[in-house]
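Report on the following structure.
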Number of protein chains: 2
Amino acid sequence: MVTKGNAFDPNCPTRTILDRIGDKWTVLVVLSLRSGPLRFTELRDGIGRVAPKVLTQTLRRMERDGLITREVYPEIPPRVVYTLTPMGASLIEPISVITDWAETHVPAITRAQQRYDEPA
Amino acid sequence: MVTKGNAFDPNCPTRTILDRIGDKWTVLVVLSLRSGPLRFTELRDGIGRVAPKVLTQTLRRMERDGLITREVYPEIPPRVVYTLTPMGASLIEPISVITDWAETHVPAITRAQQRYDEPA
DNA sequence: CCTCGACGGTATCTATTGGTAACTGGCTAC
DNA sequence: GTAGCCAGTTACCAATAGATACCGTCGAGG
């Protein structure tokens with residue numbers, strides 16, 4: 001009943017990572033940084049409507065997890081640059097497997113939902 | 001700045017699917033049903049502590065998405081059996097790509113977190 | 001007749017999270 | 001002087017996740 005030994009353990013670290021992947025913004029940050037470092041506002045503008053508070057939270061968590069680095073240039077006006085670490089970059093592959101699956105199955109899922117909702 | 005044309009669109013269906021993947025329980029239900037259909041209580045007991053309400057929500061959503069089927073046998077006591085659809089089963093592959101990545105990088109992430117938390 | 005337990009859930013409440021709107025500080029340009 | 005830029009922070013609110021308790025139906029046991 002267990003995948004690789006611990007997927008069903010509530011304290012399983014793998015689950016924590018799944019939470020990150022599932023996090024709406026983390027994935028978008030990774031994809032945004034694919035092609036190079038970006039500043040805070042560049043990320044904010046590139047990703048759709050994201051509240052600065054939420055973006056900050058996401059970035060701090062990703063920095064803590066070692067997925068990105070945060071470099072502060074104490075200039076005026078301030079400049080903060082976010083860069084994918086090698087580990088962060090290695091996430092692109094798994095993410096695209098998921099998004100490929102998603103894009104392949106979107107039509108089927110939409111159809112299933114319509115069938116489910118119809119009788120109501 | 002866009003992955004495959006729409007990953008950054010808030011209404012993008014791919015994002016909806018990512019939310020499902022990221023959902024703590026959906027993944028565990030898929031993995032639980034890998035080896036065959038299960039009843040509600042079997043799922044509840046197999047997956048760690050999950051509130052019945054939350055499990056019900058998860059299962060309904062997955063049924064709506066066409067990932068599982070729900071068969072009700074109006075016996076006494078009632079019997080409800082959940083089964084992976086082919087589409088649901090096809091999720092196992094992408095999921096294991098993610099969990100493989102996660103398990104590979106758990107040590108590095110843990111180390112990164114410790115380094116981040118230490119100075120405080 | 002009365003209670004008990006199995007099953008597959010609801011009902012109700014609280015805690016956590018996601019999100020909005022407004023504000024900060026230092027400096028520069030108008 | 002005041003308006004704006006950057007990179008956030010703070011105060012606040014709404015939606016969601018989750019824990020706990022309860023429900024109805026039925027047969028078994030006393």
Side-chain angles (χ1 to χ4, degrees), chain A residues 8-12 15-29 32-33 36-65 68-83 116 120, chain B residues 8-12 15-30 32-33 37-65 68-83 116 120:
Chain A
F8 290 84
D9 174 5
N11 300 325
C12 165
R15 188 175 291 183
T16 307
I17 288 167
L18 277 174
D19 288 347
R20 297 290 183 280
I21 307 295
D23 180 45
K24 209 168 14 188
W25 307 115
T26 300
V27 170
L28 295 178
V29 169
S32 297
L33 293 179
L38 291 177
R39 307 174 56 173
F40 186 85
T41 42
E42 290 169 337
L43 278 168
R44 177 169 53 74
D45 297 344
I47 298 172
R49 297 226 151 276
V50 56
K53 189 195 82 170
V54 178
L55 184 56
T56 301
Q57 286 174 348
T58 303
L59 293 170
R60 288 289 138 79
R61 208 165 33 198
M62 292 177 72
E63 190 196 356
R64 190 173 108 96
D65 291 345
I68 58 174
T69 56
R70 177 174 181 271
E71 286 152 301
V72 183
Y73 299 89
E75 308 165 355
I76 297 300
R79 191 159 61 92
V80 178
V81 173
Y82 294 94
T83 313
Y116 187 93
Chain B
F8 290 83
D9 173 5
N11 299 325
C12 164
R15 188 175 288 185
T16 308
I17 288 168
L18 276 175
D19 288 346
R20 296 290 183 282
I21 307 294
D23 179 44
K24 206 165 22 185
W25 308 115
T26 300
V27 171
L28 294 177
V29 169
V30 170
S32 297
L33 294 178
L38 291 177
R39 307 174 58 173
F40 186 84
T41 42
E42 290 170 337
L43 278 168
R44 177 169 52 73
D45 297 344
I47 299 172
R49 298 224 150 276
V50 56
K53 189 195 83 170
V54 178
L55 184 55
T56 301
Q57 285 174 348
T58 304
L59 292 170
R60 288 289 138 79
R61 207 163 35 195
M62 292 177 72
E63 191 196 356
R64 190 173 108 96
D65 290 345
I68 59 173
T69 58
R70 178 174 180 272
E71 288 153 299
V72 182
Y73 299 89
E75 307 165 353
I76 298 301
R79 192 157 61 92
V80 179
V81 173
Y82 294 94
T83 312
Y116 187 93

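Atom set for the values below is all heavy atoms of this structure, side chains included, hydrogens, waters and symmetry mates excluded. Every chain is numbered from 1, with letters handed out A, B, ... down the list of sequences.
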Does [N] have OP1 or OP2 sitting under 4.0 Å from an N or O in the side chain of [X]?
X: A:T41; N: D:dC6; value: no
X: A:R44; N: D:dC6; value: no
X: A:R39; N: D:dA7; value: yes

Exercise: identify the closest heavy-atom pair between [X] and [Y]:
X: B:W25; Y: B:R49; answer: CH2-O, 3.3 Å
X: B:T83; Y: B:E71; answer: OG1-OE1, 3.5 Å
X: A:L28; Y: A:K24; answer: CG-O, 3.6 Å
X: A:E42; Y: A:R39; answer: OE1-N, 2.7 Å
X: B:T26; Y: B:R61; answer: OG1-NH2, 4.5 Å
X: A:Y82; Y: A:L33; answer: O-CD2, 3.5 Å

Legend entry - Axial bend angle, the helix from C:dC1-D:dG30 to C:dC30-D:dG1: five-pair end segments, nearest 10°: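 End axes: 40° apart.
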Pairwise side-chain contact, [X] with [Y], heavy-atom cut-off 4.5 Å (strictly under):
X: A:R70; Y: A:R60; answer: yes
X: A:L38; Y: A:V29; answer: no
X: A:L43; Y: A:L59; answer: yes

Legend entry - B/S/- contact track for nucleotides 10-30 of chain D, protein heavy atom under 4.0 Å: BB------BBB-----S----
Inset, instruction - First locate atom CD1 of A:I21, then atom CD1 of A:I17, and finally report the distance between them rounded to the nearest 0.5 Å. - result: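 Rounded to the nearest 0.5 Å, the CD1-CD1 separation comes out at 7.5 Å.
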Inset, instruction - Give one of base, sugar-phosphate or nothing for A:Y82, where a contact means two heavy atoms less than 4.0 Å apart. - result: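 Since only primed, P, OP1 and OP2 atoms lie under 4.0 Å of A:Y82, the category is sugar-phosphate.
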Legend entry - Derivation and outcome, side-chain contact (heavy atoms from CB on, under 4.5 Å), residues A:Y116 and B:D65: CA-CA 8 Å; A:Y116 187 93; B:D65 290 345; over 6 Å; no
Legend entry - Whole-Å gap separating C1' (D:dC6) and CD (A:E71):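 The distance from CD of A:E71 to C1' of D:dC6 comes to 17 Å, rounded to the nearest Å.
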Legend entry - Nucleotide range of DNA chain C lying under 4.0 Å from chain A heavy atoms: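 That gives a stretch of C:dG19 to C:dC27.
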